[in-house]
Amino acid sequence: MKALLLWPVMPNSFWSYQEALDLAGLRSTNPPLGLITVAAMLPSDWEIRFADRNVQFETEEDWAWCDIVIISAMIIQKKDFRDLIQKGVSLGKKVAVGGPYPTSVPEYALDSGAHYLILDEGECTIPLFLEALARGESQGIFRSVEKPDVTQTPIACYDLLNLDAYLAITVQFSRGCPFQCEFCDIINLYGRKPRTKTPEQMLAEFETLYNLGWRRYIFVVDDNFIGNTRNAKVFLRSLIPWMEAHQYPFKLITEASLNLAQDEELVDLMVKAGFVLVFMGIETPDTDSLKGINKVQNTRQSLVDACHKITRAGLQIMSGFIMGFDNERPGAGQRIREFIEETGIPQGQFSLLQALQNTAMWTRLQQEGRLMTGLGTFHQGAIMNFAPTRPVEEITQEYIDAFWYIYEPMPYLKRTFRHFIMMNGWRGKSCRKLDWQQAKMFRAIVWRQGVVRSTRFRFWWQVVAIALLRPQLLEEYLGTLAIAEHFFSYRYEVREQLQNQLEILKQANLAEQQKAIAPDVAPTLKELEKAPEIAMK
């Protein structure tokens, strides 16, 4: 078989970092780990071509060459995902799909025309797919309730990647999370019992990337790296001597739950192993909202104290915040903004709540008749896809105001400085050298933040202070300022998208009022959405 593996276009979002990538001459934040791991699971006699469409499009010759097209996708990629399926079908190619989006919403892939749905975790379902192909079956849906042993997962085909195109390369240590947050789909996809790879597996993956010449960030993409605390510590104790022997060639990033703050040994091991940043789902400082979504692990300690403890130990925090939970009190946007200021967290992944399909929240809202269709696109510029318990206009305006302020240049610079000054500054001695992408990015922010903008004076004295007081953190500090360029521009897009949607809602409400008075003359919502002055981009 000749297989063409495709990763769809990722629209601009919080995670795309597009402005910062453009400044550095990079194409994407990170590659599709799932798809290049699938490549390693396919038969050795298959011929494989791979295209990350965020880096470089496949060619028409690639389409003509292949027998089968294999596409993976997340929900934010749904448009290009459908387009690729339909193109494959129109060209007479067999199309197989998998990944988190078709696993959660298989009907979308079927409606788009996909022949094979390889759902759930590939270690279990790819063999079923290959057996069906061998029997000559022209279509099929392959599922498994069994959770695979990830100690048998092969090393991803990193050699398929154009490494120069990415900000970070991805690896995975564990799957699954022990918690039961109502809005999260992780436990539906990967279960509540975290399964981990062995330290030997992980070191082999690190060695592979090292031998390929990679020397930038590695994102350990576990949804909760510390879900299995014991195994995480075993891995870290093996990783530390490897990193020391190789002179810390990578900077490591991961995701973890906030209870990390309660385990000083674990935090220390992460810092000594080369972790520099951890993403944490804080969601909201409102305790009642946290209890309402069953995120009780965030209610057992002071959120501010927990964040400060982790930061002081040497880890930069990136946090997730959400607005729109049931029974949320007015002023939630202001409280999140104040929390971000108090903790000094530079990057807050801040969004309006969306009900993800097949989560506990989705099921509850469906039973309550509160789900809507056609609204949720699951990014920062999307209004909620359900009816909230307070006016959606009020929630959305609070969100717009808070998101706008958080990513104003001056507040961002001030809290980033406070955050880095709070860190203890320890970093292992590294062999990494400044590459041309970093040099290009740093030149750009010196010009933008240190010359053009009104931040110029603060930029320079903060850089000097970090260089004198936390010299080991200077590169990371400048990198955090560089990433901010994406948010400084992206906030305009978020504001415009949400204001357009609010206008559509306003016009829809007027139409409903008119319909109640004169049903025959009131415009429909569909007609209003076509009006160019209020249509969404």
Are the side chains of [X] and [Y] in touch, meaning some heavy atoms are under 4.5 Å apart?
X: T359; Y: C184; value: no
X: N12; Y: H486; value: yes
X: T103; Y: R143; value: yes
X: F219; Y: L33; value: no
X: L119; Y: F129; value: no
X: M243; Y: I240; value: no
X: Q437; Y: L167; value: no
X: I345; Y: H419; value: yes

Derivation and outcome, salt bridge (charged side-chain N to carboxylate O under 4.0 Å, His left out), residues K309 and E264:
CA-CA 9 Å; K309 193 173 183 179; E264 292 182 13; 3.5 Å; yes

Whether [X] and [Y] hold their rings parallel, tilted or perpendicular, with breakpoints at 30° and 60°:
X: Y399; Y: F403; value: tilted
X: F250; Y: W242; value: parallel
X: F173; Y: F235; value: parallel
X: F321; Y: F350; value: perpendicular
X: Y17; Y: W15; value: tilted

Stepwise side-chain hydrogen bond (donor to acceptor under 3.5 Å, both in side chains) test for Q334 and E338:
CA-CA 6 Å; Q334 179 65 24; E338 290 169 354; 3.0 Å; yes

Where N54 and M10 come nearest, the two heavy atoms and their spacing:
OD1-N, 2.6 Å

Check the pair D149, R195 against salt bridge (charged side-chain N to carboxylate O under 4.0 Å, His left out), reporting the backbone distance first and the verdict last.
CA-CA 7 Å; D149 178 2; R195 293 159 285 134; over 6 Å; no

What I want to find out is whether [X] reaches [Y] closely enough, with some N-O distance under 4.0 Å, to be called a salt bridge.
X: E205; Y: K197; value: yes
X: R427; Y: E475; value: no
X: R237; Y: E265; value: yes
X: D435; Y: R216; value: yes

Is a side-chain donor-acceptor pair under 3.5 Å present for T153 with E123?
yes

Chi angles and distances behind the side-chain hydrogen bond (donor to acceptor under 3.5 Å, both in side chains) call for Q366, Q357
CA-CA 10 Å; Q366 192 173 48; Q357 193 154 339; over 6 Å; no

For E341 and K414: C-alpha separation, side-chain torsions, deciding distance, then whether salt bridge (charged side-chain N to carboxylate O under 4.0 Å, His left out) applies.
CA-CA 9 Å; E341 285 297 308; K414 288 181 178 179; over 6 Å; no

List for me each residue that meets ring-ring contact (aromatic ring centres under 6.0 Å, His included) alongside Y477, sequence neighbours excluded, and say none if there are none.
F420

Go through the steps for E368 and R364 under the test salt bridge (charged side-chain N to carboxylate O under 4.0 Å, His left out), then give the verdict.
CA-CA 6 Å; E368 295 172 0; R364 176 175 63 82; 3.4 Å; yes

Sequence neighbours left out, what pairs pass side-chain hydrogen bond (donor to acceptor under 3.5 Å, both in side chains) with at least one residue falling in residues 269-281?
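Every side-chain hydrogen bond (donor to acceptor under 3.5 Å, both in side chains) pair that includes a residue of residues 269-281, provided the two are not neighbours, is D268-K272.
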
Cationic tip of R491 within the cone over Y407's six-membered ring, i.e. under 6.0 Å and within 45° of the normal?
no

May I ask you to check whether over 12 heavy atoms, not counting those of R27, lie within 6.0 Å of atom CZ?
no

Within the 6.0 Å centroid threshold, strictly below: Y217 and Y166
no

Test your reading of the model: is there a side-chain donor-acceptor pair from Q172 to the backbone of D222, 3.5 Å cut-off?
no

